[in-house]
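Contents: one structure, followed by commentary.
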Amino acid sequence: MKKSTTSATAIKLAPMPEHLGEMPYLGHKYGLGRESTHHRRSSASQVARSASEKLPNYPPLPTIGELVSFGVRPHLGLQLNEGDFGECDQHHHEGGCRNRLVVLAGHGKNDYPLPNVDTAVRKTLEYIDHQQKLAEQIRAARRFLAQRQSARRRHGFSPQHVHDKSKGSLSELAIVQSLIPQLGGIVTPTTGSTLYSAAGGLEAIMHKGRYFSVIAERLDPLRGATFYASKHYPAKYQPTVRSLNRQIGNVEALYAEAIPRLLSALQARYPDEPEEKLLYVALNGLDRQLMEILYVLSIWTDAFAQRRDGRYEQLELLVFMVEQAFHLFRTGNVTGDCDAKCQERLGKAAKYHIGDVFTARFSNQGPATIPGAKGPVGAHAIEVPHDEATILTIMGPLYFHELRHDVFADIPGMADEITMAAVVAIQKAYQEGKLKFKSETIKIGKQTFRTVDLVTQINGQTLSETDADVVAILTEGPAFMYSMLASFAAFNAKGRGVFEPKRLLRPYSHYVIGEEGELIFEPHMPDFARAYVVAAALDLIGCPAEAAECRALATQAAGTPTPTKISWHNADSESKFKFAIEVPLDDLLAAAPFVVDAIVNTPLESLGGRKTSDHINWNPHRQEKVDALAEVLMEGKSQIPADMGDVYGTTVAAAAITAYWGLCKSGTNPILAAEKIVDPAARLMLLEVRKRFPDPDPTVPATVESVAPSASSVAPVASEGSKT
């Protein structure tokens, strides 16, 4: 049969930026929301695992790494026909299919879209019914197996729970009873019915409030953190505090209204079960319904609590570093001040949604960030894994990648502009003959596409991550390259040591097929190709030697034989699309210089006609400071040379990884170098730098009233589907 070549029009590159839109979200297939992130060590194939469970209209309990598909990304519209899928190309990788440095996207609404009470109760009951059926099947199987056991086992199963047959149903208990019981005989004047009235009143109040404790167990830790923040945190955090309390209040109201209804329904279905047991079952099911919002809220409240407790000085230093980097990008001044000369230099200044409001917490997630512009809370939240607690200064450059995600989302229109610039740059270079491919077409399943269109699609859907890498190079110089390569190799070798995996940088990633057949690439370029894009950025800023070193290190980490193709595999194990997408490495990387140049040097309307490189760029003078500080840190010292001039948190972060790299190169024990030499000295150096820049945002006065509502005055729950 003659093979057909799909024309460029079949790719359907959407007009941009007007129709750039959002990338279709596969998570809707599983009933999941967007306020979550891939865990950096989670298998990407786990995204589809929830579909394999057979719960009715409800996903199984996922990890946070499974709560989102691939986030919000520009959709360029490469379509795959429904029948164009081939044989399954199973991919057995070294290591897990991990995703890292992920933007956690939100809905961008004023309030989290909670389900209404009817929906929450209905879905919870469906889940409980399903679990009950499973339990009955398990018990039946156990009885069958028990019958086949030796006759010597006379007792069989453990005694079943003895039900209290005297208990009435919850609906009966909930009926308002008369406070004065109808007793026989004559009531003496000396006692009367006062005792019954008093006790009955107290009992009714206690019964009405019997759910407050179980709600408080879930929400008090969140309330406590926001209450403290409302009293003690700088004014710029107060909108975030108010938003958090509003979201917590909505959840609290939903719990308060749903629990009695669930108990009543369960008591009617299982009248012989005690209320305590049914309450546990009801709460377990309802917790699953609200698990996502509770986790999302905890990202910010945990950050507040950890700051309140004062245990993690590292987090305060990290926030200090990213704040300085943000101000350097915005105004060229680490304090954030922008005088008349600054305004003249910036021209039409960029507008920001949130600005420099950052929080950070240690958790089992990350490195990752949640741009404040993507959700209702009003603060950028940085996720830091606990296992980086003793090396956070060395990992610092990765968090300037994260910072760029926050800025990327924070400036209206910038994401669309940069994506459009990269797409246009690829297409223009190809039309002018500057961009050439070894193969003009690439087959996907049973379809054939032009290489230029597929390469454009890949770069468009991975643009936000490429942009973050490139701007991290502009911020940190070659230090980001060392940090990225060492960290990625460590992530991929996690738990096995660096000598067991065949490849420390992955030449593969994943795709999914959207509900309308659209091809969606995971937003990170595969590790191996990503390193070469970073090398292209180093070339652009005038660091050819470091660029060559980056390519050599990437090739070393990619293993033997050196990959010649980059592949993508379907993350959805149940999808009928089983093919692998393979792109020659040289063809994919041929577009990298044009993409990098577009990110760095395209004038952007969102920046007042200025280029990204007009705001921040690496230069030899900054590198000299990094090298000088690195020499100090390699000796385990923290003194900043008096004649060095201005030193910022960004400089120290670049110096820390440079020092660590240098010590490893010299043969020093790497664990000793990181935890005993570089990180402690770099922390002291950062503390010294912070002293030079007083906090411009004072602590909010202690007279500020808490906005935390009580359990009896919670905000009403928004109806499902309502616009906020």
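With 3.5 Å as the limit, one finds a donor-acceptor pair spanning the side chains of E465 and H405. Using modelled atom types, one finds a donor on one side chain and an acceptor on the other under 3.5 Å when comparing Y399 with E388.
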#### Entry: side-chain contact (heavy atoms from CB on, under 4.5 Å) evaluation trace for F521 with V512
CA-CA 7 Å; F521 290 95; V512 292; over 6 Å; no
### W568 and Y508: CA distance, side-chain angles, deciding distance, ring pair (Phe, Tyr, Trp, His ring centres under 6.0 Å) verdict
CA-CA 5 Å; W568 285 263; Y508 52 81; over 10 Å; no
#### Entry: Chi angles and distances behind the side-chain contact (heavy atoms from CB on, under 4.5 Å) call for V296, Q247
CA-CA 10 Å; V296 172; Q247 314 305 322; over 6 Å; no
### side-chain contact (heavy atoms from CB on, under 4.5 Å) assessment of S509 paired with H524
CA-CA 8 Å; S509 186; H524 298 85; 5.6 Å; no
### Message
Set out, in order, the CA-CA distance, both residues' side-chain angles and the distance that settles side-chain contact (heavy atoms from CB on, under 4.5 Å) for L279 and L262, then state yes or no.
### Response
CA-CA 8 Å; L279 177 60; L262 282 169; over 6 Å; no
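Taken to the nearest 0.5 Å, the CG atom of L297 stands 4.0 Å off from the CD1 atom of I293. Atoms CG and CG, from L403 and L398 in turn, are 13.0 Å apart once rounded to the nearest 0.5 Å. Between the CD atom of Q306 and the CD atom of E316 there is a distance of 10.5 Å, given to the nearest 0.5 Å. Interatomic distance, CD1 of I259 versus CG of L283, reported as 4.5 Å (0.5 Å rounding). To the nearest 0.5 Å, the span separating CG on D467 from OG1 on T419 amounts to 8.0 Å. For the atom pair E522 CD and Q461 CD, the distance stands at 10.5 Å (nearest 0.5 Å).
The six-membered or imidazole ring of Y255 lies away from that of F212, with a centre-to-centre distance of 6.0 Å or more. Less than 6.0 angstrom separates the ring centroid of Y511 from the ring centroid of F579.
Side-chain contact check for L463 versus F408: some heavy-atom pair is nearer than 4.5 Å. Annotation: side chain of L222 is not in contact with side chain of L244 (no heavy-atom distance under 4.5 Å). Residues D387 and N364 form no side-chain contact, since every pair of their non-hydrogen atoms from C-beta on lies 4.5 Å or further apart. Side-chain atoms of L392 and L318, non-hydrogen and from C-beta on, do get closer than 4.5 Å to each other. For the pair D406/D410, no side-chain contact is recorded, criterion being any heavy-atom separation below 4.5 Å from C-beta on. Using a 4.5 Å heavy-atom cutoff, the side chains of H380 and I354 are in contact. Two residues are said to be in side-chain contact when any heavy atoms from C-beta on lie closer than 4.5 Å; V241 and F304 meet this criterion. Here the side chains of T359 and I382 are not in contact, with every heavy-atom distance at 4.5 Å or above.
Under the 3.5 Å distance criterion, the side-chain polar atoms of D309 are left unmatched by any main-chain donor or acceptor of R311. A donor-acceptor pair under 3.5 Å is formed between the side chain of K236 and the backbone N or O of D356. The backbone N or O of R223 lies less than 3.5 Å from a partner atom in the side chain of T226, making a donor-acceptor pair. Counting only distance, with no hydrogens or angles, the side chain of K578 and the backbone of S573 share a donor-acceptor pair below 3.5 Å. Of the possible donor and acceptor atoms, one in the side chain of Y233 sits under 3.5 Å from a partner among the backbone N and O of R308.
Closest of all the heavy-atom pairs between L315 and A360 is CD1-O, 3.7 Å. The two atoms that bring A381 and I299 nearest to each other are CB-CG2, 3.7 Å, heavy atoms only. Here the closest non-hydrogen pair linking F491 and P367 is CZ-CD, 4.0 Å. Across P234 and Q238, no two heavy atoms sit closer than the pair O-NE2, 3.5 Å. Annotation for M414 and V407: closest pair CE-O, 3.6 Å, computed over non-hydrogen atoms. Between P260 and A256, the shortest heavy-atom distance links the atoms CD-O, 3.1 Å.
For the pair R307 and Y312, the cation does not sit on the ring face, since its NZ or CZ is not both under 6.0 Å from the ring centre and inside 45° of the axis. A cation-pi contact links R361 to Y295, judged by a cut-off of 6.0 Å to the six-membered ring centre and 45° from its axis.
Ion pairing of R218 with E252 is absent here, as no side-chain N (NZ or NE/NH1/NH2) approaches a carboxylate O to less than 4.0 Å.
Ring geometry, F362 versus H386: the interplanar angle falls under 30°, so the pair is classed parallel (tilted spans 30 to 60°).
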